[in-house]
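One structure is given here, and the rest of the page talks about it.
We name chains A, B, ... by the order of the sequence lines, and we start the count at 1 in each one.
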Number of protein chains: 2
Amino acid sequence: MKWTDLDENWCPVARTLSLVGDRWTLLILRDCFLGMSKFDEFATSTGATRHIVSDRLKRLVEAEILEKVAYSERPKRFEYKLTDKGNEFGPALMTFRDWGKKHLPVRRPTHA
Amino acid sequence: MKWTDLDENWCPVARTLSLVGDRWTLLILRDCFLGMSKFDEFATSTGATRHIVSDRLKRLVEAEILEKVAYSERPKRFEYKLTDKGNEFGPALMTFRDWGKKHLPVRRPTHA
DNA sequence: TCCATAAAGTTCTTATTTGGAACTTGCTGC
DNA sequence: GCAGCAAGTTCCAAATAAGAACTTTATGGA
């Protein structure tokens with residue numbers, strides 16, 4: 001079964017997962033909430049390959065979770081901004097954050 | 001980059017994703033909250049292959065999100081129960097559910 | 001002029017994960 | 001002793017992801 005097949009599933013959790021249910025997508029969204037908006041920022045911050053970043057941003061724009069807006073003509077440069085729909089996903093990431101903070105503490109500190 | 005490399009990441013969202021950040025894992029957890037507990041229930045309900053179900057359950061048990069308990073000796077049969085740690089993940093699934101209900105309505109009704 | 005750098009992607013090849021189906025094991029009941 | 005169930009495992013083919021290099025459009029020097 002392909003995960004895009006979940007998009008008409010009876011369960012709203014499954015439908016949500018069909019769209020954002022993979023780690024790279026969710027990490028990119030986290031970065032959006034941290035204020036990032038550019039392609040290379042996402043690539044560097046998440047550690048995903050440029051290929052993946054490209055693919056996931058495309059999906060997110062298609063789903064109207066992000067909006068692609070030009071911040072420079074010549075050379076054409078774009079940034080990605082959360083739409084209202086995207087912003088409303090914030091609480092979900094906060095539950096992930098809280099659960100992670102409580103149940104998955106870091107053993108060895110990471111230096112920034 | 002492999003997603004298990006995220007488990008010591010500075011970001012609690014990333015650490016959470018390293019553990020549960022894929023659609024099958026999250027669907028299995030959804031099923032647990034719906035009261036399911038057996039291998040075949042997960043396989044049927046999620047549509048994941050038995051291979052995947054086996055792998056994900058192993059991970060979840062290892063992470064102490066689920067607990068594998070025998071409900072029958074001879075033949076040995078097991079069920080998977082949410083631990084306290086697992087139960088506390090409930091709010092995350094609820095935010096997914098709520099977001100899905102609001103932003104991803106089903107177009108054509110699925111007949112149960 | 002020529003070279004370096006930057007952003008935002010795309011392309012390529014190789015490795016890893018999935019998908020799908022069949023097989024296994026230990027028992028129960030007919 | 002054959003069929004069926006539950007809980008997996010094994011196998012191979014197909015899909016996805018990883019990693020690095022390349023492209024395009026433009027700016028800032030030396």
Legend entry - Separation of atom CG in L57(A) from atom P in dA7(C), rounded to whole Å: 15 Å

Inset, instruction - Give a yes/no answer on whether the side chain of K58(A) brings an N or O atom under 4.0 Å of OP1 or OP2 in dT10(C). - result: yes

Inset, instruction - Give one of base, sugar-phosphate or nothing for Y80(A), where a contact means two heavy atoms less than 4.0 Å apart. - result: sugar-phosphate

Inset, instruction - Would you tell me if any nitrogen or oxygen in the side chain of S72(A) comes within less than 4.0 Å of OP1 or OP2 on dA7(C)? - result: no

Inset, instruction - Find the distance D40(A):CG to dT25(D):P and express it as a whole number of Å. - result: 18 Å

Legend entry - Test: K68(A) cationic atom under 6.0 Å from Y80(A) six-membered ring centre, within 45° of axis: no

Inset, instruction - Without swapping roles, check the side chain of T44(B) against the backbone of D40(B) for a donor-acceptor pair under 3.5 Å. - result: yes

Inset, instruction - Determine whether R15(A) and E8(A) make a side-chain contact, defined as any pair of heavy atoms from C-beta on separated by less than 4.5 Å. - result: no

Inset, instruction - Select base, sugar-phosphate, or nothing to describe what F42(B) touches, counting heavy atoms under 4.0 Å on all strands. - result: nothing

Inset, instruction - Please report the closest heavy-atom contact between A63(A) and K85(A), naming both atoms and the distance. - result: O-NZ, 2.8 Å

Inset, instruction - Report, as a single string ordered 5' to 3', how protein heavy atoms within less than 4.0 Å touch nucleotides 13-23 of chain C: B base, S sugar-phosphate only, - not at all. - result: -----SBB-B-

Inset, instruction - Could you check how far CZ of F78(B) sits from C1' of dC5(D), rounded to whole Å? - result: 16 Å

Inset, instruction - Give a yes or no on whether a salt bridge exists between R59(A) and D55(A), defined as a side-chain N under 4.0 angstrom from a carboxylate O. - result: yes

Inset, instruction - Measure the distance from CD on E79(B) to P on dG8(D) and round it to the nearest whole Å. - result: 12 Å

Legend entry - Side-chain donor/acceptor of T16(A) to backbone N/O of F96(B), under 3.5 Å: yes

Inset, instruction - Could you tell me whether K81(A) sits above the aromatic face of Y71(A), with NZ or CZ closer than 6.0 angstrom to the six-membered ring centre and within 45 degrees of the axis? - result: no

Inset, instruction - Indicate for each nucleotide in nucleotides 24-30 of chain C, in 5' to 3' sequence, whether protein heavy atoms under 4.0 Å reach the base (B), only the sugar-phosphate (S), or nothing (-). - result: --BS---

Inset, instruction - Report yes or no: does T25(A) contribute a side-chain atom to a donor-acceptor pair with the main-chain N or O of R56(A) at less than 3.5 Å? - result: no

Inset, instruction - Ignoring hydrogens and angles, tell me if any N or O in the side chain of S45(B) forms a donor-acceptor pair with the backbone of F42(B) under 3.5 Å. - result: no

Inset, instruction - Take atom CD of E41(B) and atom P of dA7(D), then tell me their distance rounded to the nearest Å. - result: 8 Å

